[in-house]
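Below is one structure, written out as structure tokens, with a few remarks after it.
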Amino acid sequence: MLFDTIWGLFSSDLAIDLGTANTLMIKKGHGIVLREPSVVAIHSENKQVLAVGSEAKKMLGRTPGNIVATRPMKDGVIANFEVCEAMIRYFIQKVHHRRTMVRPRVVIAVPSGITQVEKRAVRDASISAGVREVFLVEEPMAAAIGVELPISEASGNMILDIGGGTTEVAVISLSGVVYSRSVRVAGDEMDEAILSYIKRKYNLLIGERTAERIKMTIGSAFPLEKEQTMEIKGRDLMTGIPKTLVINDTEIREALSEPISAVVETVKIALERTPPELAADIVDKGIILAGGGSMLQGLDSLLRSETSLPIILAEDPLSAVVMGAGKALENLALLRKVSI
Ligand SMILES: Nc1ncnc2c1ncn2[C@@H]1O[C@H](COP(=O)(O)OP(=O)(O)OP(=O)(O)O)[C@@H](O)[C@H]1O
Ligand SMILES: [Mg+2]
């Protein structure tokens, strides 16, 4: 025990949630050491990395011609291999205070719907970023461990993780995923839905970051008690001139209706396909929500009214996956059971 603690202090091993929107890292024995947007700014000609993480996110949509701020992950998987590798390398060096000799072992959470090719890409990008050994854990399993569900018991647990790129629902029992379903509709699609709604209705072009801010501020999935409004700025497509207007929560709820119904549908299908004994457990225990997208106002109320089941929002939805991956990193027996 003491040895483990001391070893933990020197170890460079990491648990990583390589998300479409955010990357989080836990260093063994140190807890969460990194929480940054998965964004990289690169020079378009010499391909030099100019900024990574929150610095780069500020640049999204605001770069001059020779700088591109990109998101290397899309729909939960690697969309741009080189940029993703550069990002992982940068983050690993950052948490190890730029000591160059570290070759950590890492546990990485990946979407449950991921293909062999996509798995290979995550492994290869990590290895070329300097990682010694890679263990992959399915995101819903990591999230379930992260929120401390009794995953090893012979009893059904349902977890719904709504991230930036993917929504995943899984039923877990006896340390295994009994059923899982992953759809590539999550926070990003919600932002796009808001963006195109405002373009359609007001002929106003807003940026991705503005769309995300609208979603987080007045976005909702269920009617709110009190009307919420927000002033937004964009470019009028008729005149070409910047313009300000005020929108309300009802409009944004309408804008979000499509991606939200896709999420609800995913949950309903999962419930239909869950074996009866496990479904009975879920009636008692309900569905646990994790991931940043689950923080949308009223999403829990909507799911409660659509399924009549108890809906429990994780205490820290953004950290659930990395917390679970971190627990697997600390517990070899658990890691052996849950890694894929
Ligand atoms: N308060 C909020 N209301 C609505 N959405 C939110 C809120 N806070 C964060 N989000 C959304 O959560 C998403 C990010 O969540 P998270 O960090 O769990 O995703 P990720 O793990 O990076 O993505 P994925 O798991 O799909 O790869 C973003 O789309 C963000 O806009
Ligand atoms: Mg995630």
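Numbering of ligands and ligand atoms starts at 1, following listing order.
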Checklist outcome for this item: Contact region, Met190 to ligand 1, non-hydrogen atoms below 4.0 Å, reads neither

Checklist entry - So which bit of Glu212 gets within less than 4.0 Å of ligand 1, heavy atoms only: side chain, backbone, both or neither? => result side chain

Next on the checklist: Among all protein heavy atoms in this structure, tell me which lies nearest to atom 17 (O) of ligand 1, with the distance rounded to 0.1 Å.
Outcome noted: Asn22 ND2, 2.7 Å

Item to check | Nearest-contact summary for atom 19 (O) of ligand 1 - protein heavy atom, Å | outcome: Gly164 N, 3.1 Å

Checklist entry - Can Gly293 be said to touch ligand 1, with heavy atoms closer than 4.0 Å? => result yes

Item to check | ligand 1-proximal atoms of Leu318, by part, heavy-atom distance under 4.0 Å | outcome: side chain

Checklist entry - Looking at atom 21 (O) of ligand 1, what's its closest protein heavy atom, distance included? => result Gly19 CA, 3.8 Å

Item to check | Shortest heavy-atom approach to atom 6 (C) of ligand 1 - which of Ser220, Ser294, Gly292 | outcome: Gly292

Checklist outcome for this item: Numbered in order shown, the ligand 1 atoms found under 4.0 Å of a heavy atom of Gly187 are 29 (O)

Checklist entry - Short question: side chain of Arg105, backbone of Asp13 - any donor-acceptor pair under 3.5 Å? => result no

Next on the checklist: Closer than 4.0 Å to some heavy atom of Gly165 - which atoms of ligand 1 meet that?
Outcome noted: 23 (O), 24 (P), 26 (O)

Checklist entry - Counting distance only, does the side-chain N/O of Arg71 pair as donor-acceptor with the main-chain N or O of Thr20 below 3.5 Å? => result yes

Checklist entry - Short question: side chain of Lys285, backbone of Gly156 - any donor-acceptor pair under 3.5 Å? => result yes

Next on the checklist: Closer than 3.5 angstrom, by distance alone: can the side chain of Gln297 be matched with the main-chain N or O of Gly219 as a donor-acceptor pair?
Outcome noted: yes

Item to check | Under 4.0 Å to a heavy atom of Glu139 - the qualifying atoms of ligand 1, by number | outcome: 25 (O)

Checklist entry - Could a heavy atom of Gly76 be found less than 4.0 Å from some atom of ligand 1? => result yes

Next on the checklist: Taking a cutoff of less than 4.0 Å between a non-hydrogen atom of the residue and any ligand atom, is Gln297 in contact with ligand 1?
Outcome noted: no

Checklist entry - Taking 4.0 angstrom as the limit, do Arg120 and Asp124 come out as a salt bridge? => result yes

Item to check | Donor-acceptor contact present, side-chain His96 to main-chain Ser12, <3.5 Å | outcome: yes

Next on the checklist: Could you check whether Asp191 pairs with Arg209 (Lys NZ or Arg NE/NH1/NH2 to Asp/Glu carboxylate O, under 4.0 Å)?
Outcome noted: no

Item to check | Exam field: side chain Glu251 to backbone Asn248, donor-acceptor pair closer than 3.5 Å | outcome: yes

Checklist entry - So is there a nitrogen or oxygen of Ile162 less than 3.5 Å from a nitrogen or oxygen in ligand 1? => result no

Item to check | Nearest option to atom 22 (O) of ligand 1, as decided by whichever heavy atom of Gly291, Ala143, Ala21 sits closest | outcome: Ala21

Donor-acceptor list for residues 287-295 side chains, cut-off 3.5 Å, not counting sequence neighbours:
residue: Ser294; atom: OG; partner: Ala290; partner atom: O; Å: 3.4
residue: Ser294; atom: OG; partner: Gly291; partner atom: O; Å: 2.6

Checklist entry - Hey, are Ser54 and Glu36 close enough side-chain-wise for a donor-acceptor pair under 3.5 Å? => result yes

Checklist entry - Between Glu192 and Lys215, is the closest basic N to carboxylate O distance under 4.0 Å? => result no

Checklist entry - Which of the atoms of ligand 1 are close to Thr166, meaning less than 4.0 Å from one of its heavy atoms? => result 26 (O)

Next on the checklist: Considering non-hydrogen atoms of the protein only, which is the closest contact for atom 8 (N) of ligand 1, and what is the distance?
Outcome noted: Met216 CE, 3.5 Å

